[in-house]
Amino acid sequence: VSGPRTATEPGAIAAAANAWYAAHGRDFLWRRPGMSAWGILLIEVMAQQTQIQRAAGTALVWLERWPSPAALAAAPVAEVIKAWGRLGYPRRAVALHAAATAIAERHGDVVPADPAALTALPGIGPYTAHAVASFAYGVRVPVVDTNVRRVLHRALLGVDTLAPATRRDQELMASILPASAEETRITNVAVMELGALLCTPRSPDCEACPIRDACAWRAAGYPAAEGPRRAGQPRFEGSDRQLRGRIMALLREADVPVPRTAFDGLDPDPARLDRVLAGLAADRLAETAPGGWALP
Ligand code: SF4
């Protein structure tokens with residue numbers, strides 16, 4: 001595959017990425033035409049901090065069970081948290097329920113296409129708003145996730161890789177988007193896939209990369225990061241997040257309120273247990289009930 005000649009040819013970068021994607025992109029069910037905007041919204045929210053195949057599997061189960069925002073909005077929050085299962089960061093389940101309620105009440109049960117209206121929904125950030133607008137409706141907006149950001153910073157800025165900055169990163173992506181909305185939708189997916197499959201964090205496969213001739217980082221000899229790097233993932237073992245997960249697992253499995261003493265075996269520090277429980281209550285993931293704690 002031969003890439004574009006210079007990084008000053010943004011149209012050529014998109015064209016090369018799109019051609020590569022047509023030949024090498026993975027054929028995900030949720031990227032095929034016909035997936036509803038509601039389905040795409042579910043998958044995008046679930047995939048944010050969860051491996052994509054797992055997220056998509058759960059999203060498809062949810063779509064069967066709650067085929068519209070109104071159907072999800074009508075379900076008790078406790079059921080939604082249970083159905084979230086072990087996807088992690090269950091605040092996203094509560095936020096999805098709130099977003100579904102807002103879509104049902106304010107948008108006639110139709111997921112909006114306007115990025116601003118999407119961003120105004122509870123728990124929907126710039127990434128998800130643009131992903132839904134572009135992938136579901138073909139709106140010409142830049143979609144920037146971690147993979148896209150890495151490709152853009154390397155190829156266009158010649159660095160590996162700066163801390164996220166939403167506006168700057170969206171403008172970078174916008175600078176290479178083709179004029180047509182349909183081509184834009186493909187470019188958004190193609191660059192994301194390029195980052196996932198070739199331009200990986202540790203061992204980018206530049207020889208196979210369709211934009212290698214335009215890549216500023218490659219041309220500069222792969223200099224180390226110049227700006228603030230992203231902080232690494234915090235340690236999970238022994239973390240509050242792990243303790244939250246264990247408490248939520250007990251609550252999901254219980255049919256009656258769980259007595260406070262039942263959590264004692266999870267951590268030797270009662271003050272820490274109380275703090276984590278208070279955090280779950282503040283996030284509306286758990287609440288006190290007669291006899292102990294329960295899902296809301
Ligand atoms: S040439 Fe290498 S570093 Fe540059 S975008 Fe392609 S895979 Fe990433």
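Atoms within each ligand, like the ligands themselves, are counted from 1 in listed order. Below, all heavy atoms of this structure are taken into account, side chains as well, without hydrogens, waters or symmetry copies. If you read the sequence from its start, that first residue is 1, and numbering goes on from there.
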Between Glu182 and Arg185, does any NZ, NE, NH1 or NH2 come within less than 4.0 Å of an OD or OE carboxylate oxygen? yes
Taking Arg275 first and then Asp269, would you say they form a salt bridge - that is, a charged N and a carboxylate O separated by under 4.0 Å? no
A side-chain contact here means heavy atoms from C-beta on lying under 4.5 Å apart; do Thr146 and Arg149 qualify? yes
If we ignore angles and hydrogens, is there a donor and acceptor under 3.5 Å between the side chains of Tyr89 and Arg241? yes
What are the protein N, O or S atoms, given as residue plus atom name, that sit under 2.8 Å from atom 6 (Fe) of ligand 1? Cys209 SG
Identify, with sequence neighbours excluded, every residue that meets side chain to side chain contact (heavy atoms under 4.5 Å, CB included) alongside Ser203. Thr200
pair Leu280-Arg244: side-chain heavy atoms closer than 4.5 Å: yes
